[in-house]
2 protein chains.
Amino acid sequence: MTEERKISMAVIRRLPRYYRYLGELLDNGVTKISSRELSEKMKVTASQIRQDLNNFGGFGQQGYGYNVEYLHKEIAKILGLDKTHTMIIVGVGNLGQALANYPSFSKRGFNLIGLFDINPRLIGMSMRGIEVMDIDKMEDFVKTNKVDIAILTMPKTRVKETAENLAKWGVKGLWNFSPVDLFLPEHVHVENVHLSHSLMTLAYKINEAEELDNGNDYKPF
Amino acid sequence: MTEERKISMAVIRRLPRYYRYLGELLDNGVTKISSRELSEKMKVTASQIRQDLNNFGGFGQQGYGYNVEYLHKEIAKILGLDKTHTMIIVGVGNLGQALANYPSFSKRGFNLIGLFDINPRLIGMSMRGIEVMDIDKMEDFVKTNKVDIAILTMPKTRVKETAENLAKWGVKGLWNFSPVDLFLPEHVHVENVHLSHSLMTLAYKINEAEELDNGNDYKPF
DNA sequence: TAGATTGTTAATCGATTAACAATC
DNA sequence: TAGATTGTTAATCGATTAACAATC
């Protein structure tokens with residue numbers, strides 16, 4: 001029995017950035033890089049980069065550094081980008097349409113195979129060669145097609161119920177854009193994009209900086 | 001001289017969730033709540049809630065708990081939601097339009113005052129009562145209007161230069177939706193929304209779960 | 001007053017950084 | 001071989017959780 005090394009999400013969330021940066025190096029014809037060089041360009045410590053990578057194996061070579069192409073590929077494997085994933089979008093409003101038109105997803109093996117909405121004016125329309133279907137047809141669709149990921153870009157009132165149904169029908173991942181917390185069985189993975197939270201965080205940063213400029217600490221009373 | 005209590009971003013990023021949840025309680029007519037009750041509903045520890053809040057002051061009352069309305073308002077103040085913020089959107093493609101139509105921003109005091117694009121087919125169009133302007137007019141606009149936040153939803157090739165210009169022209173916060181790292185003077189605050197990173201993280205979770213199901217650890221060789 | 005729950009200090013846990021032996 | 005840089009252990013730092021005295 002191999003030992004369980006539970007890797008923290010803090011590590012995982014840094015990998016896409018490494019991956020992106022290595023992709024840029026690759027495009028620029030760079031073949032090798034050391035953790036120190038990488039750390040300087042990415043403004044993290046070299047130690048962190050080496051620790052992060054060594055959670056998954058020794059990808060470098062002492063005295064040399066890392067082969068860019070190899071490391072790039074290995075990170076892809078860790079993240080599961082060497083596999084293809086099927087996706088549906090539930091709620092084809094502005095945001096849903098924006099995501100449907102995102103070209104870089106399919107490049108990374110995320111293939112959109114279905115669009116669903118409740119709005120009769122949208123049903124039957126075609127985007128990226130995919131017809132928008134009535135949400136009533138979703139259960140059938142999900143059960144007959146293998147759907148890995150459902151993108152939830154619908155009004156928040158219907159998200160909880162929809163998420164629970166999708167989980168029941170075998171969808172493994174939910175990419176949730178609603179300001180709603182989903183508590184689902186642990187075999188269903190949820191990734192939240194809380195845009196309003198992100199904006200509030202930005203407001204905090206701006207606000208805090210101004211208060212410090214004015215020489216004021218935050219005073220509750 | 002008041003002491004410097006540098007509050008970590010980990011704490012700040014939890015506040016919007018508390019804020020949202022308290023708002024829901026408020027809508028449901030709940031007037032008081034204890035840290036324990038809150039912790040059970042939000043699936044965090046009561047200790048963490050109390051520690052987080054006590055970074056900013058004592059908002060509760062021993063033996064009673066927290067007044068929902070008061071705490072909700074105080075968190076708003078901490079995040080700077082008691083002030084209004086002006087925003088412009090730079091790049092009115094699918095995602096920019098989606099954000100322009102997001103109703104909840106203005107509810108929280110984030111007011112959209114300008115839309116900019118490079119595409120002649122979009123320039124002159126009107127969204128939410130705001131005309132899309134040529135990006136050439138942006139410098140003038142930013143310098144004559146007080147712009148707090150610029151939402152960057154443009155192609156990544158032009159983001160770096162645009163961000164540097166906006167910083168120079170006095171914009172305090174950038175909400176960056178491009179897969180680009182911005183290194184700017186520290187008085188300019190950047191909040192990144194890296195959708196592709198988020199999706200890759202979801203792919204990892206799905207993938208990892210399957211490998212564990214199959215009894216496989218990740219094997220690099 | 002007795003019971004409840006905060007505010008806050010102390011203990012624990014986990015993540016990051018530093019250091020260096022291994023090795024290419 | 002000498003120099004460089006990894007992989008990995010040890011030290012530090014920070015964040016979370018536990019405990020409890022203060023107090024409403």
Side-chain angles (χ1 to χ4, degrees), chain A residues 3-15 17-18 22 25 30-72 74-75 78 201 204 217-221, chain B residues 3-15 17-18 22 25 30-72 74-75 78 201 204 217-221:
Chain A
E3 91 281 22
E4 284 291 290
R5 307 143 305 166
K6 181 64 191 166
I7 290 150
S8 84
M9 285 308 292
V11 173
I12 301 305
R13 289 189 186 282
R14 283 192 291 266
L15 297 181
R17 190 156 169 261
Y18 298 157
L22 289 164
L25 289 176
V30 179
T31 57
K32 69 146 267 191
I33 193 155
S34 71
S35 59
R36 189 183 49 73
E37 290 171 294
L38 201 51
S39 78
E40 279 164 14
K41 304 217 189 198
M42 303 195 70
K43 317 241 174 173
V44 295
T45 63
S47 207
Q48 181 162 75
I49 291 173
R50 293 203 301 278
Q51 284 281 27
D52 284 350
L53 297 176
N54 281 108
N55 281 303
F56 305 96
F59 302 127
Q61 189 170 313
Q62 280 104 327
Y64 174 83
Y66 298 88
N67 177 291
V68 174
E69 192 183 352
Y70 174 69
L71 186 55
H72 186 254
E74 287 298 322
I75 295 179
I78 296 166
T201 304
Y204 171 84
D217 267 12
Y218 176 83
K219 297 212 185 55
F221 302 110
Chain B
E3 92 281 22
E4 284 290 291
R5 307 143 305 165
K6 180 65 192 164
I7 290 149
S8 84
M9 286 307 293
V11 173
I12 302 305
R13 290 189 186 282
R14 282 191 292 266
L15 296 182
R17 190 154 169 263
Y18 298 157
L22 290 163
L25 290 175
V30 178
T31 58
K32 70 146 266 192
I33 192 154
S34 70
S35 58
R36 189 184 46 74
E37 290 170 295
L38 202 51
S39 78
E40 278 163 15
K41 304 218 190 197
M42 303 195 69
K43 316 240 174 177
V44 295
T45 63
S47 208
Q48 180 162 76
I49 292 173
R50 293 204 302 278
Q51 284 281 27
D52 284 350
L53 297 175
N54 283 107
N55 281 304
F56 305 96
F59 302 125
Q61 189 170 311
Q62 281 103 326
Y64 174 82
Y66 298 87
N67 177 292
V68 173
E69 192 183 353
Y70 175 70
L71 185 55
H72 187 253
E74 287 298 321
I75 296 179
I78 296 166
T201 303
Y204 171 83
D217 267 13
Y218 177 82
K219 296 212 186 53
F221 303 111

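Order of the sequence lines sets the chain letters (A, B, ...), proteins ahead of strands, with each chain counted from 1.
Rounded to whole Å, atom C1' of C:dA15 lies 16 Å from atom CD1 of A:I49. Rounded to whole Å, atom P of C:dT16 lies 13 Å from atom CZ of A:R13. B:R36 has its CZ atom 15 Å from the P atom of D:dA18, to the nearest Å. In this structure, B:N67 atom CG and D:dC24 atom C1' are separated by 15 Å, rounded to whole Å. Between A:Q62 atom CD and C:dC24 atom P the separation is 6 Å, expressed in whole Å. Rounded to a whole Å, the NZ atom of A:K32 is 8 Å from the C1' atom of D:dT5. Rounded to whole Å, atom C1' of D:dA19 lies 10 Å from atom CZ of B:R50. Summarising the geometry, the separation between CG on A:N55 and C1' on C:dA15 is reported as 11 Å, rounded to the nearest angstrom.
A donor and an acceptor atom never sit less than 3.5 Å apart when one is taken from the side chain of A:Q51 and the other from the base of D:dT8. A donor-acceptor contact under 3.5 Å is formed by the side chain of A:S47 with the base of C:dA18.
Using a cutoff of 4.0 Å between basic side-chain nitrogens and carboxylate oxygens, B:E40 and B:R36 are scored as salt-bridged.
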**Prompt:** Step by step, would you call B:L53 with B:Y66 a side-chain contact (heavy atoms from CB on, under 4.5 Å)?
**Reply:** CA-CA 11 Å; B:L53 297 175; B:Y66 298 87; 3.8 Å; yes
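Under the Watson-Crick or G-U wobble criterion, with both distances below 3.5 Å, C:dG7 is paired with D:dC20.
Side-chain nitrogen and oxygen atoms of A:Q48 include at least one within less than 4.0 Å of the OP1 or OP2 phosphate oxygen of C:dT16. Taking side-chain N and O atoms only, A:T45 has no distance below 4.0 Å to OP1 or OP2 of C:dT16. Contact check, B:S35 against C:dT5: no side-chain N or O comes under 4.0 Å of OP1 or OP2. Applying the 4.0 Å criterion to OP1 and OP2 of D:dG7, one finds that A:Y66 has a side-chain N or O inside that range.
Of the two residues near DNA chain C, B:S34 and A:M9, the one whose nearest nucleotide lies more 5' is B:S34.
With rounding to the nearest 0.5 angstrom, the CG atom of B:D52 is 10.0 Å from the CD1 atom of B:I7.
B:Q48 and B:T45 are not linked by any side-chain donor-acceptor pair at a separation below 3.5 angstrom, with hydrogens and angles left out of the test.
Looking only at distances, no side-chain donor or acceptor of B:K32 sits under 3.5 Å from a matching main-chain atom of B:G65.
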